[in-house]
Amino acid sequence: MKKYAKYPALAVTLAIMAVIFVLSSQPAELSTKVSRAVTETVQAGRIKAITPLWFSTTNLNANVRKWAHIYIYCALGVSMAVTVQLWLHRVTLRQKALLASALCMLYAAGDEFHQYFVPGRAAQLSDVVIDAMGFLPCVAAVYLVLWAVRRLRN
C-alpha cells in the first residue's frame with residue numbers, strides 16, 4: 001500500500017460527517033421544506049422502493065426523513081470502516097469493526113446532541129437507533145468481506 005493511500009478514505013469520512021452536520025444544522029423550517037421536496041420527488045418517481053413504509057404507514061415524509069438517516073449513516077459506516085482499516089495496524093478485524101461502530105455511534109449521538117441547540121429541532125434517541133440501523137450492517141459487511149478475502153488468500 002502506498003504511503004498516502006489512507007488519506008482519501010479519511011477525507012471521504014470527514015466529508016460525510018460534514019454533510020450530516022450541515023443538514024443537522026438546518027432550522028426546522030428549512031429542514032422540513034427540504035424533506036418535503038425530496039418526498040415529492042419520491043412520490044413522483046419510481047424510487048418509492050427505497051423508502052418502504054417502515055416508520056409510518058400514513059406519513060411518507062416521515063419515512064423519507066428516517067430513511068435519509070439510514071442511507072447517510074450507511075455511507076458513514078462504510079467510509080469509517082475503510083478508514084479504520086487503512087489507519088490501524090496490528091489490531092484484529094473484530095477490534096477494528098468495534099472501533100468503527102463505536103465512532104459512528106459517538107458521531108450519531110453527538111449529532112443528536114447538536115440538534116438540541118438548533119431552532120425547532122430536538123435531540124431524539126430514536127434517531128440514534130435509526131442511524132445505527134444504517135451504519136451497523138454496513139460496518140459488518142465491510143469487515144465480513146475483509147475476513148472472507150483473508151480466508152481465501154490463506
Side-chain angles (χ1 to χ4, degrees), residues 6 8-88 91-148:
K6 59 189 176 182
L10 179 61
V12 169
T13 301
L14 293 174
I16 293 169
M17 294 168 94
V19 167
I20 293 170
F21 183 83
V22 167
L23 292 172
S24 295
S25 297
Q26 294 176 336
E29 186 177 311
L30 177 59
S31 177
T32 300
K33 194 180 292 187
V34 169
S35 67
R36 285 190 203 274
V38 172
T39 300
E40 290 170 8
T41 303
V42 168
Q43 283 179 316
R46 293 184 178 184
I47 55 176
K48 289 182 186 177
I50 66 168
T51 56
L53 301 177
W54 285 6
F55 302 103
S56 173
T57 56
T58 58
N59 186 346
L60 182 61
N61 188 49
N63 277 293
V64 167
R65 292 180 74 90
K66 299 309 177 191
W67 279 103
H69 276 259
I70 289 174
Y71 294 138
I72 193 77
Y73 274 90
C74 177
L76 181 63
V78 169
S79 181
M80 187 70 74
V82 170
T83 300
V84 168
Q85 177 65 25
L86 292 174
W87 280 79
L88 293 182
V91 179
T92 67
L93 283 179
R94 180 177 293 155
Q95 290 170 327
K96 290 176 184 179
L98 290 172
L99 178 60
S101 297
L103 290 170
C104 288
M105 183 62 78
L106 283 171
Y107 192 78
D111 183 55
E112 286 303 312
F113 179 72
H114 158 249
Q115 283 187 32
Y116 178 79
F117 301 100
V118 177
R121 303 288 292 266
Q124 296 181 331
L125 182 59
S126 62
D127 280 350
V128 176
V129 172
I130 291 168
D131 297 340
M133 289 172 59
F135 69 76
L136 286 173
C138 294
V139 168
V142 168
Y143 285 103
L144 282 172
V145 167
L146 290 170
W147 175 81

Which pair of non-hydrogen atoms, one from A9 and one from T83, has the smallest distance, and what is that distance? O-OG1, 3.1 Å

Considering all heavy atoms, the nearest A81-A100 contact: CA-CB, 3.9 Å

Once rounded to the nearest 0.5 Å, what's the spacing between atom CG of L76 and atom CG of D131? 9.0 Å

Output the distance between atom CH2 (W87) and atom NZ (K96), rounded to the nearest 0.5 Å. 13.5 Å

Would you indicate whether F117, at its atom CZ, is surrounded by more than 12 heavy atoms from other residues, nucleotides or ligands within a distance under 6.0 Å? yes

Heavy-atom nearest pair, A28 first then G120, reads CB-O, 3.3 Å

Is there a side-chain contact between M105 and V128 in this structure, where contact means two heavy atoms from C-beta onward sitting under 4.5 Å apart? yes

For the side chain of S24 and the backbone of Q115, is there at least one donor-acceptor N/O pair under 3.5 Å apart? no

May I ask you to decide if Q26's main-chain N or O and R121's side chain share a donor-acceptor pair within less than 3.5 Å? yes

Between V78, L93, V84, which is the residue that forms a side-chain contact (heavy atoms from CB on, under 4.5 Å) with V142? V78

The reported gap from CG in L98 to CZ in R94 (rounded to nearest 0.5 angstrom) is 8.0 Å

With S101, which residues qualify under side chain to side chain donor-acceptor pair (under 3.5 Å), at least two apart? none

For Y73 and H69, take the angle between the two ring planes, folded into 0 to 90°, and tell me which bin it lands in: parallel under 30, tilted 30 to 60, perpendicular over 60. parallel

If you measure from CG on L136 to CD1 on I70, what distance do you get to the nearest 0.5 Å? 11.5 Å

Would Y107 and M17 satisfy side chain to side chain contact (heavy atoms under 4.5 Å, CB included), going step by step from the backbone distance to the final call? CA-CA 8 Å; Y107 192 78; M17 294 168 94; 3.1 Å; yes

From CG (L14) to CE (M80), nearest 0.5 Å: 8.0 Å

State, to 0.1 Å, how close F135 and G77 come at their nearest heavy-atom pair, and which atoms those are. CB-CA, 3.8 Å

Rounded to the nearest 0.5 Å, what separation is found between the OG atom of S25 and the CG atom of L30? 10.5 Å

Could you walk me through whether Y143 and Q85 pass the side chain to side chain contact (heavy atoms under 4.5 Å, CB included) check? CA-CA 9 Å; Y143 285 103; Q85 177 65 25; 3.4 Å; yes

